[in-house]
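First listed ligand is number 1; within each ligand, the first listed atom is number 1.
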Amino acid sequence: MTTLRLPGRVDAHVHSREPGYTHKEDFYSGTAAALAGGVTVVLDMPNTIPPTATPERLAEKARLAAAKAVCDVGLFVGATTTYADAYLPVATQACAVKIYVSDTFGSLRIDTLSLLHQLFRTWAETAQGTGYRTHDRAGGLGPITVHAEDLMLSACLALADLYHVPLHIAHVSRRSEIELIRKAKEHGINVTCEVTPHHLFLSTDDLGRLGNLGDMRPRLGTPDDVAALWENLAYVDIFATDHAPHTLQEKGVGAAEAPANPPPGVPGVETMLPLLLTAVHQGRLTLQDIVGRCINNPRRIYGLPEQPETWVDVDVDASFVLTNKQLLTRVGWSPFAGMNLVGRIQEVVLRGVRVYGDGQILAEPGSGRVLFVQPE
Ligand code: NCD
Ligand code: ZN
């Protein structure tokens, strides 16, 4: 057995589903699954019911997370078409604003140029008063994080350039997109991006086998798209999961009748580290690739505070077949089930306390911290 000690990892794209969808996940089950995956900070997405789009909703979500989370949580705010800028008074208390420009699950879609333009302009105006948050500077704003596919990506890049706003592109999945981001970076635009494990390790070739369990937004790419992500890894700043749990029933698995509109999205927070370590084992990634994209870069991009005395011990020799049974996510399934993986998470220590060990959550609900939000 060879034990590797890593710093606590960040998953910068997680749907904890609370409030509104707690039959899929809540702040306890989602952060428990995170610890089981060697993650000590999750950044939670705003497409809940109600959406995290006003100061009251952010405060309510912070209270829910503070009561239940077993790892630290940063909260995104979102923009709705009716209340586009309603979150601005609490913008510094969010890890970032998330704008859903392309097809998604939930009610937060913004796809007109006028609204998109307004959101970039008001974020930039707010930053003139507060600045942008950096790794060693609290306060200020995070980046604007967008789900923007295809041509919408070019609109967001242009707006970020015009308003000098740091832009983070969520879940990049296509050759055309990673090549445009590469060009934008070479041109000096302040843009960063993330890629999910499902877009790195699955493709349209897996759709026949996975059915609805392979359906998410952005959709799986072709093998050529996947190859492009690997070729351009140097331009990928973050590996994040887009942990987006839906129940097997909602996905239509085992249902007598196929659901009319099965929701897109797949869970992933607890399977990313073994998948990445397996790629290290195969010589496709280095450990430094993981540390940069799961720890240092997300901390820098979102200005996350240090977590002292925090680490994850992994047995990098342990190989196992991933089964749904071993998962802590409430929905109890993974698109990677059945895969042979190398690297078992043995223990997680958060601020000097053993919070996960021997397959068990040892932390008390509420022991995780909610980042950036001021107590009322
Ligand atoms: C996400 C969800 O279910 O919340 N689904 C998905 O397919 N990724 C929404 C999103 O991230 O766009
Ligand atoms: Zn998402």
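Between Asp26 and Lys68 a salt bridge is recorded (basic side-chain N to carboxylate O distance below 4.0 Å).
Among the heteroatoms counted here (N, O or S) of Asp242, OD1 is the one nearest to the Zn ion (ligand 2). Closest N/O/S atom of His15 to the Zn ion (ligand 2): NE2.
Note that OG of Ser173 and CG of Asp225 are 6.5 Å apart. Values are rounded to the nearest 0.5 Å.
Counting protein heavy atoms only, atom 10 (C) of ligand 1 is closest to Thr104 OG1, 3.3 Å. The protein atom (non-hydrogen) at minimum distance from atom 7 (O) of ligand 1 is Arg217 N, 2.7 Å. Scanning the protein heavy atoms around atom 5 (N) of ligand 1, the nearest turns out to be Pro264 O, 3.1 Å. Summary of contacts: the protein heavy atom closest to atom 8 (N) of ligand 1 is Asp242 OD2, 2.7 Å.
In this structure, Cys294 and Met272 have side chains that are in contact, with non-hydrogen atoms separated by less than 4.5 Å.
For the side chain to side chain contact (heavy atoms under 4.5 Å, CB included) with Glu270, the qualifying choice from Thr241, Leu35, Leu327 is Leu327, the only one to do so.
Stacking of Arg344 on the aromatic ring of Phe320 is recorded, both the 6.0 Å distance cut-off and the 45° axial limit being met. Cation-pi geometry between Arg293 and Phe239 is met: the NZ or CZ atom falls under 6.0 Å from the ring centre, inside 45° of the normal.
Atom 11 (O) of ligand 1 has its nearest heavy-atom neighbour, among His15, His198, His147, in His15. Scanning Arg17, Arg109, Glu149, Lys24 for the heavy atom closest to atom 2 (C) of ligand 1 points to Arg17.
By the 4.0 Å heavy-atom criterion, His246 is counted among the residues contacting ligand 1.
The Zn ion (ligand 2) has no N, O or S atom of His243 closer than 2.8 Å.
Thr31 places a side-chain N or O within 3.5 Å of a backbone atom of Val70 that can act as its donor or acceptor partner.
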